[in-house]
Amino acid sequence: MTTKQLRLRADTPCAVLVFVTIAVCGFSRIAAAQTSDGDLDPRIVKLVASVSEERLGAILRKLESFETRSTLSSTASTTRGIGAAREWILQEMRSYSPKLQVSFDTYQVPKQGRILRDVELRNVMAILPGRSPRRIYVSGHYDTVARPGGQGAANASGAPRDPDAPTPPPADPNAPLDNVAPGVNDDGSGTALTIELARIFSQSGIEFEATLVFMCHVGEEQGLIGARLHAQKAAAERIPIEAVLNNDIVGNDRGGGGIIDGATIRVYSEGPEDSPSRELARFVQRWGGRYVPSHKVRPMARPDRFGRGGDHSAYNQLGFTAVGFRESRENFTRQHDVRDTFEGISLPYLAQNARVNAAAAATLALAPPPPSVTTERGQPMITRAPSGYDANLKWTAAPGAAAYRVFWREAWGPDWQHDLLVGNVTSVVLPNMQIDDYVFGVAAVDANGHESFVTAYVTPPRTGTPIRTTGQSGQ
Ligand SMILES: [Zn+2]
């Protein structure tokens, strides 16, 4: 029994301790499969270490060389504009490994909203097939925008900018938007991170359980268009997207307000508090923190920053689990501006953010899928049986699981406080634990300790039905 498996505080009831002792000793086989320094997989350690600052820098320099990657820019040139950029991204990812299936994810989009003319949109997508069709995404957006004054002027006006507010149309709406828009941080940084992870994952030699998708979206600056189109298609075709790690503005450590922070990264997730996206954010904090302890993950309990949007929300809107990575200290004067150049990037910082993504994506892609904890009718499988004062948890077996880890925390608290590895079972009783006072969840674990994100037991929302009356009284 390791202390890692038994993270119980002194105030835990004795009855639970007795149960825990019995439960954990029965699963030494799983403990033996884990490495001596806890749950870390040496293959993931090596993968994380293979992120290259130099490669990230070379990708960013190349992206900057296209001068603009505006979704509405010209596509004829082979060296400038979005046509040249997407072709380079496609060929670059193709060069990494024959295992990567790299293609354009193409849509014909007629003029609408901020798409000022009919345009062909192409996300660039690299698929690394796993044993299972369930998909883990790492993403960024490769399109850029630059407006007079940039994001700095938009913020300085006081009110949060409305992301859906129309931008003034150019004199000729059919003319390509070819003004310089380097977008090295927004979102060359997320794009470079995604491309670099496509390289290291496809060259790692690891056979992943889940399928990994490295996705460079387009049309983000026009209202998350490329991500929305892909999510729409995935929903229609029932493509099993399990998690999306979206990276947008993750390469600068010097805030415009003067504060420098190269040691932390923000991860935004939509609520409510135990939504799958919130659990994914907790997962990133847990596993990013283990494989990259020098970099702190700061989960943010909100969908995104005020008045700002990102591609993870396009997936959320269609019911997929997705989170957004954002640098901790932004420099708004460089965003959506000609000043968003390579000089505004910290490669060591971007590399740390890439390592956190790599650790989370690799762990998820090696782990079983998260278990289901609800009945077919959506009711959480949690009761007070057998005594009436116990926590009785049931779940549905996850394919490939060799064990499960039960998590709990006080019902007023953001982070899991306790966890307990149980065997290959689909129920557990924690004696004398009042289910009303704690939040409980379960993750699936394989024989080597790879863990899914947690599925929490949540009370389904109740809808009030109006009470009928037969008339007024008291008159
Ligand atoms: Zn962006």
Side-chain angles (χ1 to χ4, degrees), residues 51 56 59 63 69 71 85-86 89-90 92-93 100-105 107 121-128 134-144 183 185-202 210-235 239-251 265-270 277 280-281 284 288 303-304 308-318 320-327 350 353-354 356-362 364-365:
V51 168
L56 288 165
I59 295 166
L63 292 174
R69 304 187 305 280
T71 298
R86 68 197 180 196
I89 294 169
L90 181 91
E92 176 67 14
M93 291 202 288
L100 271 185
Q101 300 169 357
V102 189
S103 64
F104 289 130
D105 176 47
Y107 305 88
L121 295 193
R122 297 188 195 177
N123 298 316
V124 193
M125 181 167 71
I127 299 178
L128 182 62
R134 65 191 183 90
R135 288 186 178 186
I136 311 297
Y137 280 56
V138 176
S139 72
H141 71 86
Y142 72 94
D143 66 303
T144 62
N185 195 24
D186 183 11
D187 181 31
S189 60
T191 303
L193 182 156
T194 301
I195 294 172
E196 173 64 354
L197 262 53
R199 182 183 74 84
I200 66 170
F201 275 71
S202 65
T211 293
L212 284 141
V213 179
F214 304 94
M215 177 64 107
C216 302
H217 293 113
V218 72
E220 196 273 349
E221 303 290 4
Q222 280 71 33
L224 323 180
I225 307 292
R228 285 163 71 187
L229 286 165
H230 183 77
Q232 239 169 262
K233 181 159 82 177
I239 294 171
I241 300 178
E242 184 177 295
V244 178
L245 306 176
N246 182 53
N247 291 269
D248 194 352
I249 310 183
V250 290
I265 178 74
R266 295 177 293 176
V267 177
Y268 285 86
S269 60
E270 67 165 8
S277 295
L280 178 58
V284 170
D304 209 326
R308 313 282 314 268
D311 285 331
H312 61 290
S313 297
Y315 289 87
N316 290 154
Q317 283 157 14
L318 288 168
F320 294 113
T321 302
V323 297
F325 288 76
R326 312 295 201 169
E327 64 197 22
L350 176 57
N353 293 333
V356 169
N357 272 263
L364 275 180

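Numbering starts at 1 and runs along the sequence shown.
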Heavy-atom donor-acceptor pair, [X] side chain to [Y] backbone, under 3.5 Å:
X	Y	value
Ser277	Ala322	yes
Arg122	Asp105	no
Asp248	Gly324	no

For Ser139, what residues pass the side chain to side chain contact (heavy atoms under 4.5 Å, CB included) criterion, not counting sequence neighbours?
Met215, His217, Val244, Asn246
Output all residues satisfying side chain to side chain contact (heavy atoms under 4.5 Å, CB included) with Ala210, sequence neighbours left out; order by chain, then residue number.
Arg134, Ile136, Ala365
Might you point out which heavy atoms bring [X] and [Y] nearest each other, and give the distance in Å?
X	Y	result
Phe320	Ala234	CZ-CB, 3.9 Å
Val51	Ala354	CG1-CB, 3.9 Å
Ala314	Ala231	O-CB, 3.9 Å

Can we call the ring centroids of Tyr137 and His230 under 6.0 Å apart?
yes
When Val250, Leu245, Asp187 are each screened for side chain to side chain contact (heavy atoms under 4.5 Å, CB included) with Leu193, the one that passes is Val250
Assess whether side chain to side chain contact (heavy atoms under 4.5 Å, CB included) is satisfied between Leu280 and Leu364, documenting all intermediate values.
CA-CA 10 Å; Leu280 178 58; Leu364 275 180; 3.8 Å; yes
Using side-chain heavy atoms (C-beta onward) and a distance below 4.5 Å, is [X] in contact with [Y]?
X	Y	answer
Leu224	Ser313	yes
Arg86	Val218	no
Arg228	Ile225	yes

How about Asn353 and Asn247: does a side-chain donor come under 3.5 Å of a side-chain acceptor?
no
With His141, the side chain to side chain donor-acceptor pair (under 3.5 Å) member among Asn123, Asp186, Thr191, Thr71:
Asp186
Relative to Tyr142, does Arg69 satisfy both conditions: NZ or CZ under 6.0 angstrom from the six-membered ring centre, and within 45 degrees of the ring's axis?
no
For the pair Val323 and His312, evaluate side chain to side chain contact (heavy atoms under 4.5 Å, CB included) and give the outcome as yes or no after the intermediate values.
CA-CA 6 Å; Val323 297; His312 61 290; 5.6 Å; no
